[in-house]
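Here is the structure we will look at.
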Amino acid sequence: MSRESVNAICRALPGAEWSDPWASSGGGGHDAWKVGGKMFACIGSRNDGVSVKTPDIETATMLIDAGVGDRAPYFHRSWIRLPFDAAPEELRHRIHSSYDIVRAGLTKKAQAALAPRVE
């Protein structure tokens, strides 16, 4: 996959919004995807993969140990970085899972304002 294809997956999710939150501080070049103001995916300026949230530190550790991804630099330990050359189904699944985790953490009102996610 590429930056463009990962961005297309993120863009298609209900309520997904793009930003580059570090651009104003001179650290631009990121694609940060949020739902309800909370980040669920981020492509760094090095353009070598996408960082996504997992349910917990244990899941992230298991995925790292299994070789699915690496520790996501600068993020909480429950995040992993998936390289763009990971299996496309794995990338799509992890992006969708991260989105679902973040969406589930929004207020009920914010969740109700979003269209359902379709597989």
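- At least one side-chain heavy atom of Val6 sits less than 4.5 Å from a side-chain heavy atom of Ile43.
- Looking only at atom types and distance, the side chain of Asn7 has no donor-acceptor partner in the side chain of Trp18 under 3.5 Å away.
- Annotation: side chain of Val50 is not in contact with side chain of Arg81 (no heavy-atom distance under 4.5 Å).
- For the pair Leu63/Arg94, a side-chain contact is recorded, criterion being any heavy-atom separation below 4.5 Å from C-beta on.
- Both Val52 and Leu13 sit in one connected hydrophobic cluster of ILVMFWY residues. Membership requires side-chain heavy atoms under 4.5 Å apart, directly or through other members.
- When side chains are defined from C-beta on, Ile9 counts as touching His96, because their heavy atoms get closer than 4.5 Å.
- Counting heavy atoms from C-beta on, the side chains of Arg11 and Trp33 come closer than 4.5 Å.
- Counting only distance, with no hydrogens or angles, the side chain of Ser45 and the backbone of Gly29 share no donor-acceptor pair below 3.5 Å.
- To the nearest 0.5 Å, atoms CD (Glu58) and CG (Asp65) are separated by 12.0 Å.
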Item to check | Residues Lys53, His76; criterion side chain to side chain contact (heavy atoms under 4.5 Å, CB included); working and verdict | outcome: CA-CA 9 Å; Lys53 186 172 182 58; His76 186 267; 5.6 Å; no

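- Across all non-hydrogen atoms, the minimal contact from Gly69 to Leu82 is CA-CD2, 4.2 Å.
- Inter-residue side-chain proximity for Asp20 and Asp31 is flagged as unmet; no heavy-atom pair is nearer than 4.5 Å.
- Within the model, atoms NZ of Lys108 and CD of Gln111 stand 5.0 Å from one another, a figure rounded to the nearest 0.5 Å.
- The shortest non-hydrogen separation linking Ile95 to Cys10 is CG2-SG, 3.8 Å.
- Nearest heavy-atom pair across Arg117 and Arg103 is N-NH1, 4.0 Å.
- Ile80 is not listed as a side-chain neighbour of Thr59, based on a closest heavy-atom distance of 4.5 Å or more.
- In this structure, Asp56 and Ser78 approach most closely via the heavy-atom pair C-CB, 3.8 Å.
- Summarising the geometry of Pro83 relative to Val68, their closest heavy-atom pair is CD-O, 3.9 Å, with the distance given to 0.1 Å.
- Across Phe84 and Gly49, no two heavy atoms sit closer than the pair CE1-N, 3.6 Å.
- Hydrophobic clustering (ILVMFWY, side-chain heavy atoms < 4.5 Å, transitive): Val102 and Met39 are in distinct clusters.
- Follow the hydrophobic side-chain contacts under 4.5 Å out from Leu91 and you never reach Ile101; the two are in separate clusters.
- Inter-residue side-chain proximity for Tyr74 and Ser51 is flagged as unmet; no heavy-atom pair is nearer than 4.5 Å.
- Formation of a donor-acceptor pair under 3.5 Å by the Arg71 side chain with backbone atoms of Thr61 is not found in this model.
- Enclosure of atom CZ in Arg77 is not indicated, since only 12 or fewer non-hydrogen atoms of other residues, nucleotides or ligands lie within 6.0 angstrom.
- There is a path of hydrophobic side-chain contacts, each under 4.5 Å, that joins Tyr99 to Leu106.
- With Glu17 contributing its side chain and Lys34 its backbone, the two residues share no donor-acceptor pair below 3.5 Å.
- Side-chain N/O atoms of Ser97 and Asp100 include no donor and acceptor closer than 3.5 Å.
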